[in-house]
J.: 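Could you have a look at this structure, given as structure tokens, before my questions?
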Amino acid sequence: MAMVLNMPGIDGLSEAVGVLREWQYDGAPMQLHPGDVGWFWRFGARATASAVRTWSRDGRILAVGLLDGPELLRLTIAPDAQQDEELAQRLVGDLAEPERGVLKEGKAYVEAPLGTPVQDLLFQDGWDTDEPWTPLRRDLGEPVEDPGVRIEVIGPEQAHVRAAVQRASFDKSTFTDAHWHAMAAGPPYADARCLVAYDDRGDAVATVTVWSAGPGRPGLLEPMGVHRDHRGRGHGRAITVAAAASLRELGSSSALVCTPSSNAAAVATYRAAGFAPLPEIRDRRRDAV
């Protein structure tokens, strides 16, 4: 049967998230996680459905992509299909043709698992390599130490606190209470937690959202931020340790996070929280002609 490219729609999102959960395993290359879709859900179910693409054969989803903005496709592939040449050829062909409804013409980026034919085919098709990112991992087989600060799990009544710390942590953030409620209403959030750290004065100083992919699978930190007025005091390490503890409580086998390699402070923070860096990864980049 022919390969089918599909925009699953709202009703098909649960299936796409479900296969993403199944594809997560320790030792996998850094890849699209159900938490990435869950974080995108802050824009609502309709926007999320419009951003997701699936590739199927014989009724089985073999690849899932998330358009994380108009120029960036975050793509991953079923573990047993990562060396499937037919699938790789179809993926690269669909990325090259704007009329197929994946990427627009001009400048674009693709995040795809390392070691797959997709990477090589994109390079052969003229795609360059972009700036490096550093994935980091913490094993959760052993209990996690106390973070040393007060941590609260955020529910609907504290959404405004979570949103305020997010905006104070990222200069271009537009995150609002409504975004939090939309995110929390999405199916991926059933296995997620939002945490906020407080200092000795009771000020909210850092935040993180953690996403489980189910017991025995890697969980994800996305995003983590420290309030700009409270940096340099160890709050990033504290909230990251708390994130690892929360994922362990959710049954995750390990905790993953990824940050630009150029962000030396973030890499140092994650390492201080017990995360070990993995080999750098790079998106493929197509420059505008």
Side-chain angles (χ1 to χ4, degrees), residues 17 21 33-45 47-48 68 138 140 143-215 217-231 233-252 254-259 266 269-270 273-275:
V17 170
R21 287 167 59 95
H33 190 277
D36 294 310
V37 179
W39 174 239
F40 193 94
W41 216 294
R42 68 195 185 276
F43 300 121
T48 305
D68 201 356
R138 175 167 174 161
L140 298 179
V144 178
E145 66 272 21
D146 188 283
V149 298
R150 177 164 66 93
I151 301 291
E152 287 192 1
V153 179
I154 298 300
E157 297 81 8
Q158 298 87 32
H160 64 286
V161 177
R162 168 71 177 83
V165 179
Q166 180 76 21
R167 292 193 302 272
S169 300
F170 299 93
D171 292 339
K172 296 181 181 180
S173 175
T174 58
F175 193 68
T176 65
D177 303 17
H179 286 138
W180 187 91
H181 287 287
M183 176 181 72
Y189 198 77
D191 294 320
R193 300 286 186 275
C194 274
L195 310 178
V196 168
Y198 294 82
D199 66 10
D200 293 339
R201 299 190 304 175
D203 292 331
V205 296
T207 188
V208 69
T209 303
V210 298
W211 305 88
S212 167
R217 301 182 186 277
L220 180 72
L221 283 65
E222 175 60 30
M224 186 282 284
V226 179
H227 194 298
R228 63 176 63 90
D229 295 336
H230 298 276
R231 291 173 182 162
R233 303 171 194 174
H235 300 315
R237 175 194 172 277
I239 195 70
T240 303
V241 169
S246 183
L247 283 173
R248 190 172 190 273
E249 291 173 4
L250 289 166
S252 298
S254 60
L256 299 172
V257 69
C258 196
T259 190
T269 293
Y270 294 127
F275 285 66

J.: Got Gln158 and Val196 here, is their nearest side-chain heavy-atom distance under 4.5 Å?
T.: no

J.: Between the side chain of His181 and the main-chain N/O of Ala159, is any donor-acceptor distance below 3.5 Å?
T.: no

J.: For the backbone of Arg167 and the side chain of Arg228, can you confirm whether one donor and one acceptor N or O come within less than 3.5 Å of each other?
T.: yes

J.: Checking the side chain of Arg248 only, and the main-chain atoms of Leu140 only, is there a donor and an acceptor separated by less than 3.5 Å?
T.: yes

J.: Quick one: are Phe275 and Leu221 in side-chain contact, heavy atoms under 4.5 Å?
T.: yes

J.: Between Val205 and Val226, is any pair of side-chain heavy atoms under 4.5 Å apart?
T.: no

J.: So with a 6.0 Å cut-off around CG of Asp229, is the heavy-atom count from everything else above 12?
T.: yes

J.: Identify the two heavy atoms, one from Gly225 and one from Ser169, that lie closest to each other, and give their separation to 0.1 Å.
T.: C-OG, 3.4 Å

J.: With a 4.5 Å heavy-atom cut-off, do Arg138 and Thr240 have their side chains touching?
T.: no

J.: Can you tell me how far CG of Leu256 sits from CG of Leu247, rounded to the nearest 0.5 angstrom?
T.: 9.0 Å

J.: Are Val17 and Pro187 close enough that some pair of their side-chain heavy atoms sits under 4.5 Å apart?
T.: no

J.: Using 0.5 Å steps for rounding, measure from the OG atom of Ser212 to the CD atom of Glu249.
T.: 12.0 Å

J.: Check Gly236 against Thr269 and note the closest heavy-atom contact, atom names and distance.
T.: C-CG2, 3.4 Å

J.: I need the minimum non-hydrogen distance between Trp39 and Met183, along with the two atoms involved.
T.: CE3-SD, 3.4 Å

J.: Would you call Asp199-Arg233 a salt bridge at under 4.0 Å N-O?
T.: no

J.: Looking at every heavy atom in both Val149 and Ala197, which two are closest together, and how far apart are they?
T.: CG2-CB, 4.0 Å

J.: Would you mind checking if Glu145 and Arg237 are paired as a salt bridge, meaning a charged N to carboxylate O distance below 4.0 Å?
T.: yes

J.: Kindly compute the distance separating CD1 (Ile154) from SG (Cys194), expressed to the nearest 0.5 Å.
T.: 7.5 Å

J.: Under a 3.5 Å distance rule, please check whether Ser252 uses its side chain to pair with a backbone N or O of Ser254 as donor and acceptor.
T.: no

J.: Which distance, rounded to the nearest 0.5 Å, do you find between the CG of Asp191 and the CG of Leu220?
T.: 13.0 Å

J.: Would you call Arg42 and Gln166 a side-chain contact if the rule is heavy atoms closer than 4.5 Å?
T.: no

J.: Within the distance-only criterion (no hydrogens, no angle test), does the side chain of Trp211 pair as donor or acceptor with the backbone N or O of Glu222 below 3.5 angstrom?
T.: yes

J.: Can you see which heavy atom on Tyr198 is nearest to which on Val161, and at what distance?
T.: OH-CG1, 3.7 Å

J.: To check you understand the geometry: which heavy-atom pair defines the closest contact between His230 and Ala204, and what is its length?
T.: CD2-O, 4.5 Å

J.: Kindly indicate whether the side chain of Met224, heavy atoms from C-beta on, has any atom under 4.5 Å from the side chain of Tyr270.
T.: yes

J.: With a 4.5 Å limit on heavy-atom distance, are the side chains of Pro223 and Thr209 in contact?
T.: yes

J.: Students often mix this up, so state it plainly: with edges at 30° and 60°, are the rings of His179 and Phe175 parallel, tilted or perpendicular?
T.: parallel

J.: Is a side-chain N or O of Asp36 found less than 3.5 angstrom from the main chain of His33, in a donor-acceptor match?
T.: yes

J.: Whether the side chain of Arg162 engages the backbone of Thr207 through a donor-acceptor N/O pair (distance < 3.5 Å, no angle test) should be reported.
T.: no

